[in-house]
Amino acid sequence: MANKRYTDAATALEGVLFDGMTICAGGFGLCGIPERLIDAIEASGVRDLTIASNNAGIDGQGLGKLLRSRQVKKMISSYVGENKEFERQYLSGELEVEFCPQGTLAERCRAGGAGIPGFYTKTGVGTQVAEGKETKVFDGQDYILERGIRADLAIIKGWKADESGNLIFRKTARNFNQPMATAGKICVAEVEEIVPVGSLDPDTIHLPGIYVKRMIVGAPYDKQIEFRTVRERATA
């Protein structure tokens, strides 16, 4: 069994990064984002990146760090509402943006990982999402053609993995990390814990180790919360 474990994020990404590459990045908001790998990409100075991700983090957090350092040329995203720098770069023409409905984005990555170059969906018909895309009629209904996404690199965050790369996601982190992992030619994972092979119940594995080429332990983490909302304490 090949050793997939690396000492740190920079080492795990060595020889993988290059200018102009496409990266699929897992995560949902600030939940389940590959923090250590993002930091290593920022430190590497690689530029002109195209990144497919549900969102671009927030200002100064997550992928927002790569926007701040001007390393991103294009974002393929579904939700960007909490990032003022994203908004500024987009409106000023500094950043190319391909908006994609959330479910469609997940399916584009899943399809790319499954070797499916394109699929038809009803989502986006009659909106700006459909502009310039092939339309076909099935059973009297219009559908638009969406292309599968393949990336040079997938960076993901998992909860537990065994030494062969079999991986478990925790709760919301499963939303985008799983399809993003399969869409990359190389998948690098950071996890909270690596355990011996045989320690994980096979029925609980979300991502088979065949997809994971390299991995690191990124823990401990400081759990970030985008909006902390609490109600006022009731008076006695």
Side-chain angles (χ1 to χ4, degrees), residues 3-77 79-80 82-86 88-89 94-95 109 151-161 165 167 169-170 172-178 180-181 183-194 207 211-226:
N3 181 20
K4 298 182 178 182
R5 183 169 182 170
Y6 286 70
T7 55
D8 54 57
T11 305
L13 292 172
E14 190 173 341
V16 174
L17 301 176
F18 59 90
D19 290 346
M21 71 186 305
T22 298
I23 299 174
C24 277
F28 191 81
L30 293 181
C31 176
I33 60 173
E35 300 176 39
R36 309 295 179 244
L37 295 171
I38 291 172
D39 287 344
I41 291 172
E42 180 184 19
S44 76
V46 67
R47 309 194 68 80
D48 295 326
L49 302 174
T50 295
I51 300 181
S53 174
N54 174 62
N55 58 78
I58 62 175
D59 293 296
Q61 296 291 336
L63 292 173
K65 295 180 178 180
L66 301 183
L67 289 175
R68 180 182 60 192
S69 58
R70 305 293 196 278
Q71 291 171 261
V72 183
K73 177 183 70 175
K74 177 180 178 179
M75 286 294 307
I76 305 173
S77 297
Y79 179 70
V80 296
E82 310 303 334
N83 195 315
K84 294 299 183 183
E85 180 60 17
F86 187 112
R88 190 198 67 75
Q89 289 188 26
E94 299 172 39
L95 178 68
C109 293
D152 300 297
L153 170 67
I155 54 172
I156 65 167
K157 164 69 165 41
W159 180 41
K160 287 185 180 181
L167 195 147
F169 300 109
R170 187 170 184 269
T172 306
R174 188 177 175 185
N175 281 10
F176 274 92
N177 277 295
Q178 187 173 22
M180 295 298 187
K185 295 177 183 177
I186 296 175
C187 174
V188 181
E190 65 177 76
V191 298
E192 298 187 30
E193 182 182 3
I194 296 177
L207 182 70
Y211 290 107
V212 178
K213 299 297 186 290
R214 303 178 181 185
M215 58 183 175
I216 63 165
V217 173
Y221 291 95
D222 179 18
K223 303 293 185 182
Q224 300 289 332
I225 298 175
E226 292 174 67

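If you read the sequence from its start, that first residue is 1, and numbering goes on from there. The basis for the numbers below is simple: all heavy atoms, side chains too, and nothing from hydrogens, waters or symmetry mates. Predicted model, so just to flag it, every value in this text is computed and none were measured.
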- Nearest heavy-atom approach of Met180 to Cys24 is SD-CB, 3.6 Å

- Look at atom CD of Glu94 and say whether more than 12 heavy atoms of other residues, nucleotides or ligands are closer to it than 6.0 Å. yes

- So, Ser77 side chain and Tyr79 main chain: donor-acceptor pair closer than 3.5 Å or not? no

- Closest non-hydrogen atoms of Lys73 and Leu95, given as atom of the first, atom of the second and distance, are O-CD1, 3.5 Å

- Message: For the CZ atom of Phe169 and the CZ atom of Arg174, what is their distance to the nearest 0.5 Å?
- Response: 8.5 Å

- So how far is it from Glu14 CD to Tyr6 OH, rounded to the nearest 0.5 Å? 8.5 Å

- Item | Spacing of Ile186 atom CD1 and Tyr211 atom OH [to the nearest 0.5 Å] | 16.0 Å

- Just checking, any donor-acceptor pair under 3.5 angstrom between side chains of Thr11 and Asp8? yes

- Query: Is there a side-chain contact between Ile76 and Thr50 (heavy atoms, below 4.5 Å)?
  - Reply: yes

- Message: Using modelled atom types and a 3.5 Å cut-off, is there a donor and acceptor pairing between side-chain atoms of Arg47 and backbone atoms of Val72?
- Response: no

- Message: Please give me the minimum heavy-atom distance between Val46 and Gln71, naming the atom from each residue.
- Response: O-NE2, 2.8 Å

- Message: Ignoring hydrogens, what is the shortest heavy-atom contact between Glu85 and Asp59? Give both atom names and the distance.
- Response: N-OD1, 2.9 Å

- Task: Might you work through the side-chain hydrogen bond (donor to acceptor under 3.5 Å, both in side chains) test for Glu190 and Tyr221, ending with a clear yes or no?
- Result: CA-CA 11 Å; Glu190 65 177 76; Tyr221 291 95; 2.5 Å; yes

- Query: What is the minimum heavy-atom distance between Ala56 and Leu67, and which atoms define it?
  - Reply: CB-CD1, 3.8 Å

- Would you list the pairs meeting salt bridge (Lys or Arg N to Asp or Glu O under 4.0 Å) in which at least one residue belongs to residues 15-43, sequence neighbours left out? Asp39-Lys65, Glu42-Arg68

- On a heavy-atom basis, the closest approach of Gly57 and Leu30 is CA-CD2, 4.4 Å

- Item | Under the side chain to side chain donor-acceptor pair (under 3.5 Å) test, residues paired with Glu192 that sit two or more places apart | Lys157, Lys223

- Message: Applying the side chain to side chain contact (heavy atoms under 4.5 Å, CB included) criterion to Leu153, which one of Thr22, Leu13, Leu37, Leu49 satisfies it?
- Response: Leu13

- Message: Does Arg5 form a side chain to side chain contact (heavy atoms under 4.5 Å, CB included) with Ile194? I'd like the steps, not just the answer.
- Response: CA-CA 9 Å; Arg5 183 169 182 170; Ile194 296 177; 3.7 Å; yes

